[in-house]
Amino acid sequence: MVFLSLSRWIRSRGPDRYWRVQEVLKHARHFRGRKNRCFRLAVRSVRRAFVFATKARKAKKRIMRTLWISRIAAATREHGMKYPALIHNLLKCQVALNRKVLSDLAITEPRTFKSLASLAKRRREEGFLVALGDKGEPEGIFSRIVHSQFPDATLNPESVAA
Amino acid sequence: MTSRGTPSRFLKSVLQNGVGRYVCQLKRLSLVFSKDSANSLGVREFIEDGVVDFARQNPGIVVYVAPEKCSIPKIVAEYLNGTVKEEPVNRKTSEEIRQLIKKLSVQSGLEVIRIRKPFHTDSPSIQGQWHPFVNRSPSLRVQRFVKEKSKLESS
């Protein structure tokens with residue numbers, strides 16, 4: 001007797017399952033625990049990892065900016081000023097350095113940062129003199145604006161044109 | 001495709017290549033193709049037209065032309081830092097192969113993966129990097145010692 005029908009009941013579900021599984025597992029190889037080996041757990045972890053990566057691309061910009069701001073604030077406090085005063089007065093002096101560059105200067109070029117802080121401090125004092133003193137020609141030199149080709153609407157109206 | 005899951009590197013050049021003379025980083029180019037099959041038609045046309053001109057214009061690159069029995073034709077590029085890059089040119093036109101070879105000749109052998117920062121410097125700080133005593137007065141370094149007269153008289 002020869003059993004022929006038994007072999008006909010076995011069906012091949014497809015030869016490519018290994019590669020479809022590996023496509024997911026390759027993104028999970030650096031995970032901790034069984035989710036770096038077992039497909040069922042890895043699928044969920046890999047999907048969460050991708051979702052976190054997508055959300056983090058927006059959050060990274062926010063995180064980096066807060067890091068720069070806290071570094072600049074710490075550096076200005078060393079020179080006896082505060083962060084909002086520094087930023088506002090550098091803006092009034094038309095020094096258009098962004099927070100990334102300012103934080104890099106504070107770390108690698110401390111003397112340049114000190115000069116920027118003292119510029120902002122002097123401009124602040126000139127602003128106080130204009131506000132508290134009599135309405136006339138302000139004495140300060142840093143309060144005079146140089147007219148550039150980029151008119152800045154946020155500049156303080158108390159500043160007088162050169 | 002997470003940043004930790006995929007490889008990344010910092011911006012660098014192979015041995016500071018452009019600082020002095022520029023050295024072409026592509027060392028060897030091997031065109032592996034088949035003499036008869038239809039998918040190497042583009043390669044055969046390129047060998048007829050452009051390979052000799054390319055080899056004359058780039059004397060630093062050694063070009064090998066290898067007709068052998070292969071299922072798909074490919075271009076193997078070897079670089080000075082040891083990387084070997086194989087590009088399949090299956091069913092590509094002669095013009096596409098020309099563009100591909102031009103791209104390979106201007107690449108350095110460094111991997112084509114995410115570059116973490118678009119800048120690199122060996123000397124990031126000119127004035128000296130900040131440390132906690134940069135903006136403090138140097139009188140912190142001074143220690144005064146007071147002579148104790150009673151001890152001297154007794155000894």
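Every chain is numbered from 1 and lettered A, B, ... according to where its sequence line falls, protein lines coming before strand lines.
For Ile113(B), the side chain to side chain contact (heavy atoms under 4.5 Å, CB included) partners at least two apart in sequence or on another chain are Pro7(B), Arg9(B), Glu111(B).
Surrounding OH of Tyr22(B) are more than 12 heavy atoms belonging to other residues, nucleotides or ligands, all under 6.0 Å away. Leu15(B) CG: 12 or fewer foreign heavy atoms inside a 6.0 Å radius.
Contact detail for Leu26(B) and Ser105(B): the closest heavy-atom pair is CD2-CA, 3.6 Å.
Salt-bridge check for Lys74(B) with Glu86(B): passed, with a basic side-chain N closer than 4.0 Å to an acidic carboxylate O. Salt bridge annotation for Glu96(B)-Arg98(B): absent, with no cationic side-chain nitrogen under 4.0 angstrom from a carboxylate oxygen.
Interface residue Ala106(A): only backbone heavy atoms are found under 4.5 Å from chain B.
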Would you list the atom pairs in which one atom of chain B and one of chain A form a donor-acceptor pair under 3.5 Å?
unit_1: Ser125(B); atom_1: OG; unit_2: Thr108(A); atom_2: O; d: 2.7
unit_1: Ile126(B); atom_1: N; unit_2: Glu109(A); atom_2: OE2; d: 2.8
unit_1: Gln127(B); atom_1: N; unit_2: Glu109(A); atom_2: OE2; d: 3.3
unit_1: Gln127(B); atom_1: OE1; unit_2: Arg111(A); atom_2: N; d: 2.9
unit_1: Gln127(B); atom_1: OE1; unit_2: Thr112(A); atom_2: N; d: 3.2
unit_1: Gln127(B); atom_1: OE1; unit_2: Thr112(A); atom_2: OG1; d: 3.4
unit_1: Gln127(B); atom_1: NE2; unit_2: Thr112(A); atom_2: OG1; d: 2.7
unit_1: Trp130(B); atom_1: N; unit_2: Ile107(A); atom_2: O; d: 2.8
unit_1: Trp130(B); atom_1: NE1; unit_2: Glu78(A); atom_2: OE1; d: 3.1
unit_1: Asn135(B); atom_1: ND2; unit_2: Glu78(A); atom_2: OE1; d: 2.6

